[in-house]
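Atoms within a ligand are numbered from 1 in the order they appear, just like the ligands themselves.
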Amino acid sequence: MVFAHDTEAALVAAVELVNSAEEPDTLTEIAQLDAFFVKHVYTGAHSGDAAELAAVRALRTPLRRMLTSDRDTTVRLINETLAKHRALPQLVRHGEVDYHIHAVPAQAPLPVRIAVETAMAMIDLVRSDELSRLSLCADESCEGLVLDLSRNRSRRYCSTACGNRNAVAAYRARKK
Ligand SMILES: [Zn+2]
Ligand SMILES: [Zn+2]
C-alpha cells in the first residue's frame, strides 16, 4: 500500500466516478449508484433517489478538474471543497474498518461526502508530491483517468478494455 487505506479507497472511488462519465455513461440509473455505493463500501446517508443521482452525476466534472489540474489549481479546488462543506477531520472506526478519517458527518448527503473524501485523499497526493499517480489514459481515443497505486508505477490504461485494445494494436504493428 502506498497511501493510507482510506486515502486509496477514496481515490479509487473518485476515479471510477469520474470515468463513469466516459461514453457510454455508466451512471444513469439509481441502481448503478446503489452498486457504486455497495462496491466502495460507503456507510452513512444514501437516499437512493433521482436528486441524489443527479447530484453525484454533477460532481463528476468538478472532481475531474480536482484530479487533473496543475498542482496549484488542484490545491485551490481541494481547499475550496473543504471550506465549502466545513470539513472537520475526525478519526473514527466503525464496523470492520479500523481508524480512518471522516471530515463531514455520516448523515451529510452522499455527494458531499464523496467530494470531501476525495479532497481529503488529494491532500495526501499533494503533500507527498505524488500527483503523477493520476494521469490520462494512454489510449489516444480515451479520456479516462488512470490511478496508479502500484509500486513500480506500471499502469497506463484506465481499464482492461483500453489495455487489451492497445496490446492488440501493438502486436499487429509488430507483425507488419
Ligand atoms: Zn468510514
Ligand atoms: Zn482508457
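The main-chain N or O of Ala169 is never found under 3.5 Å from a side-chain atom of Arg172 such that the two would form a donor-acceptor pair. Under a 3.5 Å cut-off, the side chain of Arg133 and the backbone N or O of Ser150 do form a donor-acceptor pair. Remark: the backbone N or O of Asp148 is not paired with any side-chain donor or acceptor of Arg153 at under 3.5 angstrom. Proximity of a side-chain donor or acceptor of Asp6 to a complementary backbone N or O of Ile101 within less than 3.5 Å is detected. Looking only at distances, no side-chain donor or acceptor of Glu16 sits under 3.5 Å from a matching main-chain atom of Val12. Remark: side-chain polar atoms of Glu22 are not paired, donor with acceptor, to backbone N or O of Asn19 under 3.5 angstrom. A donor-acceptor pair is defined here as one N or O able to donate and one able to accept, closer than 3.5 Å; no such pair exists between the side chain of Arg71 and the backbone of Thr74.
Among protein atoms, those of element N, O or S found less than 2.8 Å away from the Zn ion (ligand 1) are His94 NE2, His100 NE2, His102 NE2. Distances from the Zn ion (ligand 2) under 2.8 Å pick out these protein N/O/S atoms: Cys137 SG, Cys142 SG, Cys158 SG, Cys162 SG.
Classification of the His94-His100 ring pair by plane angle, with boundaries at 30° and 60°, yields perpendicular. Using the six-membered ring where Trp is involved, His40 and Tyr42 have ring planes that are perpendicular, over 60° apart on the 30 and 60° scheme.
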